[in-house]
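Below is one structure; the comments refer to it alone.
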Amino acid sequence: SKGLPLDIERMTGVDPKKAIDLGDAPAMGLKIMKGMVDRVDIITSRDQEREIRLLKYFPGGLIRYPDNRPDKSEAKGEAAPKGSLAFSVRDMKANEAEDVALLAFKSHDALLFSEHVYYPARIREMNNTGEMYSAVVLGEDESVVGHGALVFERINAKVAEMTYGVVAERYRNQGCASKMVKYLLGYAVSKQILAVYSYSVTNHIYSQKSVMREGFNEVGLLISSSPASRLWLNDPDETPARISNLVSIKYLQEPGDETLYVPERHLEIVQDIYDNLGQSRNLVSSSTESGLPK
């Protein structure tokens with residue numbers, strides 16, 4: 001902030017009633033902050049930028065976050081033996097949005113997904129408007145240990161992206177991801193969705209396997225399409241690299257017998273993609289048959 005100068009010393013002994021009567025908002029604000037936290041520092045830099053730092057001591061002592069621990073697996077929790085944990089999948093409830101946001105962040109130690117999933121209010125809003133349909137995995141204690149969603153580019157769209165898939169460390173290798181994919185596909189079928197697609201991180205094979213097992217087929221590779229994330233780095237001092245994605249798709253209904261106009265130079269690869277999907281299309285060169293620009 002580069003607002004008006006503040007005389008902090010004059011504000012420290014403010015009388016709340018007098019501050020309200022005089023409309024002295026900065027002084028009242030400082031008193032409220034001091035009542036909420038253990039320390040308030042207001043620092044002015046050489047270029048007159050003002051920074052306010054609030055410090056609150058945790059009553060139980062020092063919190064040791066995962067990055068401060070010698071063994072990060074201790075912070076996340078070791079994965080349990082395969083098939084040893086019971087779990088269930090159901091629609092997300094509105095009051096579980098915060099659990100989903102925390103799970104997404106803690107499971108990756110980085111901002112891997114687009115920003116929506118890290119804001120509980122945005123998760124609730126998207127589910128309320130129909131932009132997103134969220135389902136959660138519940139652990140043995142009924143806590144949220146997994147999440148997956150279908151996201152639509154517009155309301156009532158007939159194609160959806162399957163995304164925001166995350167499972168807590170302890171519940172991995174239990175079949176949670178596969179059951180989640182089945183659950184989301186069941187919802188898509190009930191809503192007569194034409195197709196569902198996903199972007200799997202190329203160096204995270206489990207995200208690829210969970211959709212391939214359910215009949216998805218690869219249709220494309222997006223090189224360095226996602227923002228850089230330190231999740232994938234062995235050396236913390238290394239420059240973060242952007243992430244590549246494998247695109248896969250599953251048709252839930254037979255599409256119409258439409259004609260597709262494709263540039264001549266892409267005809268062969270487009271034909272190969274549809275052959276891989278087991279789909280028949282009438283492909284026409286846009287440069288020779290339709291009069292469309294090359």
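In what follows, residues are counted from 1 in the order of the sequence shown.
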May I ask you to decide whether R90 forms a salt bridge with E96, counting only side-chain N to carboxylate O separations under 4.0 Å?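 Salt bridge between R90 and E96, a charged N being under 4.0 Å from a carboxylate O: yes.
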Contacts of type side-chain hydrogen bond (donor to acceptor under 3.5 Å, both in side chains), residue [X], not counting sequence neighbours:
X: K182; value: E214
X: Q271; value: D275
X: N95; value: none
X: S143; value: D141

Which residues satisfy the side-chain contact (heavy atoms from CB on, under 4.5 Å) test with [X], sequence neighbours excluded?
X: L102; answer: E98, K106
X: S190; answer: Y187
X: E161; answer: T163, Y197, Y199
X: Y274; answer: Y251, L260, V270, L277, Q279, R281

Among residues two or more places apart or on two chains, list those pairs meeting ring pair (Phe, Tyr, Trp, His ring centres under 6.0 Å) that have a residue in residues 139-163.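 Passing the test, one end in residues 139-163: no pairs.
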Output all residues satisfying salt bridge (charged side-chain N to carboxylate O under 4.0 Å, His left out) with R122, sequence neighbours left out; order by chain, then residue number.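 Here the qualifying residues are E125, E131.
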With sequence neighbours excluded, what pairs up with R154 under the salt bridge (charged side-chain N to carboxylate O under 4.0 Å, His left out) test?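 Listed in chain order: nothing, the list is empty.
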side-chain contact (heavy atoms from CB on, under 4.5 Å), paired with V262, selected from I269, L267, V284: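 Among I269, L267, V284, the one meeting side-chain contact (heavy atoms from CB on, under 4.5 Å) with V262 is L267.
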side-chain hydrogen bond (donor to acceptor under 3.5 Å, both in side chains) between S248 and E218, worked out: CA-CA 4 Å; S248 55; E218 62 270 31; over 6 Å; no
